[in-house]
Structures are given as C-alpha cells and as structure tokens.
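All remarks here apply to the structure that follows.
The structure presented is a predicted model; accordingly, all values stated were derived computationally and were not measured.
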Amino acid sequence: MTDESLRSVTLTRTDTGRYVATNARGLTMELGSGHDDLWSPVELLLAAIAGCSAVDVDVVTGRRAEPEAFEVVAEGHKHRDDGGNVMRDLSLTFGVTFPEGEAGDAARAILPRAVATSHDRTCTVSRTVEAGVPVAVSIDDA
C-alpha cells in the first residue's frame, strides 16, 4: 500500500474519560465516555457510517438538484454478552427531498441507486464494518 492510502487519527487523553482526536490535517474533535457534553465512541461510529454514505449520496444526487432536506439517521443497539460488547442491528435511514421539476425528478430517480451503491461499493466505513476487518493492537515501547 502507498502512503497516499494511509489514514490516521491520534487520540490524546486530556482528563479522566476525555480525549481529543486529531487528524493528519490538524482538525480536532473532543470525545469521551460518561460525559453528556462529549460524543461517545459509539456515536462517532454511527456518525462515520452516516457521514460516509451521506457524502456518497449527496455527490451523486447533488449533480442533478440541490436537496431541500437531507438527513441520515444512523441507529443500532449496543449488545453485551459473554463475547463482549458489539453493536447490532445497524441501520441508516435517508430522509431526502428535492424540489419539484425536472432536476428534482432526476435526483429522486437516482436516489435509490445512489444509496444502494454507497452501501454496496463506495462507503468505506460501512463496508469495513460489514467486512469485519481485524484491528491490530500494540503497545509502543518508547
């Protein structure tokens, strides 16, 4: 794999249960566990799945017409058993409306295919989750 394929985020602890994620472009996002004022890691997972598909669908439909409304709801149930914690029953629901007229009709017509293509081929996040890609874990000795 080339360096162009590498994606990276660094997580830094700022306090008990509080962290800042920083991407390669220097953008930051605060997250944590047990704090009402922070995104949880599970919420970020759901947002990543929704965001990835939303970008895919918006690019395709937006070429035809600007949406009047565009919302994606990502949901799932946190499940705990003897094997550990996992999210189950993940779903995305698209709520997208377009203006009346030829351009809006074209966008509405392509919407189902755009959603299916995102799910089946182009959304890296949901495809990675569905593929069950292993996560390597290590400890830096430095």
Side-chain angles (χ1 to χ4, degrees), residues 1-140:
M1 288 188 229
T2 67
D3 286 338
E4 291 177 9
S5 70
L6 180 65
R7 304 297 186 266
S8 174
V9 172
T10 300
L11 192 75
T12 305
R13 182 183 187 270
T14 59
D15 201 352
T16 304
R18 296 181 85 91
Y19 309 89
V20 172
T22 306
N23 68 14
R25 296 179 311 281
L27 299 173
T28 61
M29 172 183 271
E30 196 173 12
L31 64 133
S33 174
H35 300 280
D36 288 340
D37 63 333
L38 299 176
W39 284 80
S40 76
V42 170
E43 290 167 334
L44 290 173
L45 173 68
L46 293 171
I49 294 169
C52 185
S53 283
V55 168
D56 291 344
V57 171
D58 197 20
V59 165
V60 173
T61 59
R63 288 185 198 133
R64 284 135 180 100
E66 185 68 19
E68 292 178 331
F70 194 112
E71 182 176 86
V72 184
V73 176
E75 295 180 312
H77 295 274
K78 187 173 179 180
H79 181 76
R80 181 177 300 162
D81 60 20
D82 293 339
N85 297 340
V86 68
M87 290 295 293
R88 299 252 187 244
D89 305 317
L90 296 174
S91 67
L92 290 181
T93 304
F94 283 78
V96 185
T97 59
F98 297 99
E100 293 300 319
E102 189 175 321
D105 292 345
R108 273 186 291 284
I110 196 72
L111 179 62
R113 190 169 103 208
V115 169
T117 299
S118 177
H119 176 265
D120 297 341
R121 297 198 42 139
T122 59
C123 176
T124 305
V125 178
S126 64
R127 290 184 44 75
T128 301
V129 169
E130 287 191 345
V133 174
V135 177
V137 179
S138 63
I139 298 172
D140 186 356

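For R80, the side-chain hydrogen bond (donor to acceptor under 3.5 Å, both in side chains) partners two or more places apart in sequence, or in a different chain, are N85. Scanning for side-chain hydrogen bond (donor to acceptor under 3.5 Å, both in side chains) contacts around S126 gives an empty result, with sequence neighbours left out.
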| field | Worked verdict on L11 versus L31 for side chain to side chain contact (heavy atoms under 4.5 Å, CB included) | value | CA-CA 9 Å; L11 192 75; L31 64 133; 3.6 Å; yes
| query | When you look at L45 and V129, which way does the side chain to side chain contact (heavy atoms under 4.5 Å, CB included) test go after all the steps? | reply | CA-CA 10 Å; L45 173 68; V129 169; 4.1 Å; yes
| field | Steps toward side chain to side chain contact (heavy atoms under 4.5 Å, CB included) verdict (L46, L90) | value | CA-CA 8 Å; L46 293 171; L90 296 174; 3.8 Å; yes
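Within the structure, side-chain hydrogen bond (donor to acceptor under 3.5 Å, both in side chains) contacts touching residues 109-120 (residues at least two apart or in different chains) are S53-S118, D56-S118, H119-E130. Applying the side-chain hydrogen bond (donor to acceptor under 3.5 Å, both in side chains) test to every pair with at least one member in residues 61-74, sequence neighbours left out, gives no pairs at all. The salt bridge (Lys or Arg N to Asp or Glu O under 4.0 Å) contacts involving residues 32-42 comprise R18-D37, where partners must be two or more places apart or lie in separate chains.
Nearest heavy-atom pair across A21 and V9 is CB-CG1, 3.7 Å. Across all non-hydrogen atoms, the minimal contact from L44 to M29 is CD2-SD, 3.3 Å.
With rounding to the nearest 0.5 angstrom, the OG1 atom of T93 is 6.0 Å from the CD atom of E75. Between the CG atom of L111 and the CZ atom of F70 there is a distance of 7.5 Å, given to the nearest 0.5 Å. The CG atom of N23 lies 11.0 Å from the CZ atom of R7; values are rounded to the nearest 0.5 Å. Within the model, atoms CG of L38 and OG1 of T14 stand 8.0 Å from one another, a figure rounded to the nearest 0.5 Å. Here the straight-line distance linking atom OG1 of T16 with atom NE2 of H35 works out to 7.5 Å at 0.5 Å rounding.
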Give the table of side-chain donor-acceptor pairs shorter than 3.5 Å for residues 99-107, with sequence neighbours excluded, one pair per line with atom names and distance.
{"from": "D105", "atom 1": "OD1", "to": "R108", "atom 2": "NH2", "distance (Å)": "2.5"}

